[in-house]
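In the text below, chain A, chain B and the rest are named by the order of the sequence lines, each starting its count at 1.
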Amino acid sequence: MLDKLNPVQCEAVTHGEGPLLVLAGAGSGKTRILTHKIAYLIKEQGISPFEILAITFTNKAAKEMKERVANLVGSVSRAMWVSTFHSTCVRILRQEAERLGYNRNFVIYDAADSLRLVTYCMRDLNIDTKRYPAKKVAGAISNVKNEMIDAEAFATRATTYAETVIADVYKLYQERIYKSNAFDFDDLIMVTVNLFELFPSVLEAYQEKFKYILVDEYQDTNLAQYELVKILAGKHRNLCVVGDDCQAIYGFRGADIRNILEFERDYPDSRVVKLEQNYRSTKTILSAANSVMQNNRARKPKALWTENEAGDLITRYQGENEHEEATFVASEIEGLVKAGRHYKECAVFYRTNAQSRVLEEIFLRYGVPYKIVGGLKFYDRAEIKDVLAYLRVLSNPQDTVSLKRIINVPKRSIGDTSVAKVDAHALKKNIVFSEALKDVDEIGALSAGAKKNIKKFLVLIDELLALKEKETLENLVRAMLDMTGYLTAYEDEGTMEALSRAENVKEFIGVIKEFENTHVESSLDAFLEEVALIADIDNLDDENNAVTMMTVHNAKGLEFNVVFIVGMEDGVFPHIRSMTDTVELEEERRLFYVGITRAMQKLYLCNAWSRNLWGGLNYNSVSRFLHEIPPELTDDAVKVDTQAKPPSQIGAFIIGDNVFHQKFGVGRVVSVKSEEQLTVFFEAEGEKTLLLSYAPLEKR
DNA sequence: GCATGAGTACTTTTT
DNA sequence: GTACTCATGC
């Protein structure tokens with residue numbers, strides 16, 4: 001097992017008891033260390049998989065790690081806990097949260113849910129959301145939670161008026177989320193630590209269970225996560241953390257790079273192993289990455305080197321505007337594919353999700369297949385959140401945020417005023433919203449019609465609750481859609497948008513089916529949990545042959561043969577909001593470093609002379625980061641012929657064109673698949689895929 | 001209670 | 001360029 005490791009990797013893998021810090025530079029075989037270390041523990045040290053806890057950054061990484069360990073030691077590895085911080089805590093809380101007064105079928109609030117709850121709280125506290133935007137307050141509460149400060153502690157330390165406002169909201173928010181039997185993302189970690197502090201016997205049981213703890217991407221842990229690891233490893237102290245301070249990019253959400261820089265201080269008896277040989281990139285790419293990183297002051301001394309060949313120079317390209325930039329990327333990829341590469345070897349990274357739109361447009365027009373990671377997630381779509389809200393209410397009737405979301409969806413004439421009246425009643429009697437609803441007859445303020453509608457809604461929920469007990473998940477959802485008329489409401493609306501929403505809901509049923517087929521324990525709770533903690537990146541596969549587009553943040557941990565980084569302009573990358581503060585600028589630089597080091601063979605760095613931003617035209621100067629790369633490492637691209645028509649325009653059709661078809665009538669071009677093939681939406685017929693050589697299409 | 005349209009504000013990264 | 005809020009009229 002150790003044969004394939006270099007001496008330093010070997011040292012990390014065979015390190016025995018006690019704390020170990022592995023400083024793993026980009027592409028230095030970090031995952032290999034972790035998987036081999038786990039395998040070594042099981043095979044050579046006789047440690048039971050039950051006694052190992054491995055924490056990764058994403059579910060995708062967890063899944064991959066499990067598979068790779070299974071390849072080394074076989075299926076015994078299934079008993080290991082390999083998951084993200086959040087999933088780990090949910091698993092513990094499902095077991096133990098009753099001690100804290102939570103019900104074990106608690107739900108998990110995502111950022112949007114908790115923002116809604118903050119908004120409700122602020123409204124009830126009569127706080128002006130103009131002066132104190134709910135989003136800012138929610139963000140502040142999140143930050144405070146990441147620092148393990150609870151509502152009371154925050155209230156006592158609040159000094160400015162704004163802080164007391166936030167403290168008030170925080171207190172009410174926490175009361176309500178508790179009454180809703182829900183946790184937000186930050187609670188999951190903080191409450192788990194609280195649990196361990198409050199119940200030493202519980203802590204001891206988990207400390208005893210997890211004799212070996214491994215943490216990946218340690219540079220991106222926040223204080224709460226740090227505390228969690230520290231307390232869990234407190235007894236056996238067999239803690240192995242792996243990370244790279246140069247890749248710390250989540251400071252904005254509370255990650256504290258000091259966790260890695262000061263590991264040796266926290267654990268004076270720790271061993272430190274540095275992995276500096278890179279197996280991923282060419283010498284040229286690595287050299288550029290090193291040069292950029294030289295400009296950061298806060299970092300551990302480390303010099304990445306590689307035995308790989310020098311490879312191609314880095315290609316620099318400047319376009320007139322973002323369209324030309326995107327066109328260059330698309331045509332360059334086409335060229336690479338013609339030369340024998342595959343689409344899936346290529347990735348395009350950008351700083352912000354908003355930049356993806358132009359790329360998408362151009363890629364569609366050129367017929368370059370692509371997939372996008374991030375942006376609006378499937379589970380974030382309004383219609384999916386609606387369906388999920390129904391399921392969450394059925395799982396946990398106390399869930400106020402979800403209940404309020406669905407009480408009038410589809411429209412059943414229970415509007416804001418009625419909800420406010422029920423709310424007032426709940427407040428007066430100090431009961432949760434769902435209980436207050438049942439008191440409908442006692443609420444004098446409600447109109448007779450409102451009372452009737454609410455009762456009808458309660459009957460509906462009761463019927464669904466009864467079905468939940470005996471039906472499969474899929475049938476439950478189908479019954480729900482049927483009884484509420486949710487799908488029919490969209491179908492009746494008939495607009496293209498409504499139909500696509502209906503389509504998404506149907507796709508969601510497919511997701512549920514899939515879940516029931518692949519999971520032994522396919523309960524409603526289990527499903528909701530998986531959905532709550534899923535990240536877009538988790539669904540990235542390399543099965544279909546398409547270019548991957550994503551933000552640089554999402555690219556962490558991945559690698560591609562060919563990488564394009566677009567928008568290399570001051571104000572875009574580095575982002576305008578991070579340009580004045582040195583600490584933030586250094587984080588931007590690390591982000592750029594992450595982007596560069598994803599590339600194995602070819603790297604393209606692109607910018608646009610002018611760019612449309614926030615509705616206006618901007619002329620940004622070339623990114624300061626580009627000046628940090630020695631000129632001899634780069635080569636300017638031959639400027640693309642801007643007059644050249646993209647192939648799909650030879651047939652003269654582009655997205656959005658209104659067209660006329662002799663049989664189907666007037667339609668609109670939805671997508672252009674190739675020179676030959678395009679899809680058109682017709683009022684009467686829906687979407688049709690047409691071959692130009694056969695379909696008589698005219699431009700309107 | 002609800003649909004509609006005007007107006008406005010907001011644009012970072014996310015488990 | 002859009003996503004959300006708010007006022008208006010039915």
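Rounded to the nearest 0.5 Å, atoms CG (Asn295(A)) and CD (Glu628(A)) are 3.5 Å apart.
For the pair Ser578(A) and dT12(B), the criterion of a side-chain N or O lying under 4.0 Å from OP1 or OP2 is not met. Residue Asn146(A) places none of its side-chain N or O atoms closer than 4.0 Å to OP1 or OP2 of dT15(B). Regarding contacts with the backbone of dT13(B), every side-chain N or O of Asn554(A) stays at 4.0 angstrom or more from both OP1 and OP2. Note on Asn59(A): every side-chain N or O is 4.0 Å or more away from OP1 and OP2 of dT15(B).
Here dG1(B) is the nucleotide among dG1(B), dT15(B), dT12(B) with the atom lying nearest to any side-chain atom of Ser418(A). The side chain of Thr352(A) sits closest to dT12(B) out of dC2(B), dT12(B), dT15(B). Listed nucleotides: dT15(B), dT13(B), dG1(C). Nearest to the side chain of Arg357(A): dG1(C). Between dT13(B), dT15(B), dC2(B), one nucleotide has an atom nearer to the side chain of Asn353(A) than all others, and that is dT13(B). Distance from the side chain of His553(A) is smallest for dT14(B) among the nucleotides dG1(C), dT14(B), dT15(B).
Taking the charged nitrogens against the carboxylate oxygens, Asp244(A) and Lys30(A) have no contact shorter than 4.0 Å, which rules out a salt bridge. The existence of a salt bridge linking Asp399(A) and Lys404(A) is excluded, since no basic side-chain nitrogen approaches an acidic carboxylate oxygen closer than 4.0 Å. Look at Asp220(A) and Lys556(A) and you find a salt bridge, because one of the NZ, NE, NH1 or NH2 atoms lies within 4.0 Å of a carboxylate O, short of that distance. For the pair Arg501(A) and Asp386(A), the salt-bridge criterion is not met [side-chain N within less than 4.0 Å of a carboxylate O].
In this structure, Leu533(A) atom CG and dT14(B) atom P are separated by 17 Å, rounded to whole Å. Rounded to whole Å, atom P of dG1(C) lies 16 Å from atom CD of Gln355(A). In this structure, Arg611(A) places its CZ atom 15 Å from P of dG1(C), rounding to the nearest Å. At whole-Å resolution of the value, CZ in Arg412(A) and P in dC2(B) are 11 Å apart. Distance CE (Met579(A)) to P (dT13(B)): 17 Å, rounded to an integer number of Å. Look at CG on Leu115(A): it is 13 Å from C1' on dA3(C), rounded to the nearest Å. Atom CE of Met550(A) is separated from atom C1' of dT15(B) by 17 Å (rounded to the nearest Å). What separates CG of Asp187(A) from P of dT15(B) is a distance of 18 Å, to the nearest Å.
Among the atoms of the strands shown, none is found under 4.0 Å from any heavy atom of Asp110(A). Counting any heavy atom pair closer than 4.0 Å across all strands shown, Arg351(A) reaches a base atom. The residue Asp416(A) sits close only to the backbone: its heavy atoms come under 4.0 Å of sugar-phosphate atoms, none of a base. Across all strands shown, Ser87(A) has no heavy atoms under 4.0 Å from either base or sugar-phosphate atoms. Phe85(A) comes within 4.0 angstrom of nothing in the nucleic acid, heavy atoms only. No engagement by Thr58(A) is indicated, since no non-hydrogen atom pair under 4.0 Å with the nucleic acid exists.
If Val419(A) and Thr551(A) are placed on DNA chain B by their nearest nucleotide, the residue sitting closer to the 5' end is Val419(A). Both Ser413(A) and Gln225(A) lie near DNA chain B, and the one whose nearest nucleotide falls closer to the 5' end is Ser413(A).
Evaluation of His86(A) against the base of dT15(B) yields no stacking contact (centre distance < 5.5 Å, interplanar angle < 30° required). Stacking between Phe252(A) and the base of dT12(B) is absent under the criterion of ring centres within 5.5 Å and planes under 30 degrees.
Geometric assessment of Arg94(A) against the ring of Phe106(A) yields a positive cation-pi assignment under the 6.0 Å and 45° thresholds. Taking the ring centre of Tyr250(A) as origin, the terminal cationic atom of Arg253(A) falls inside the region bounded by 6.0 Å and 45° from the ring axis.
Using C1' as the reference atom, dT13(B) and dC4(C) are 22 Å apart when rounded to the nearest Å.
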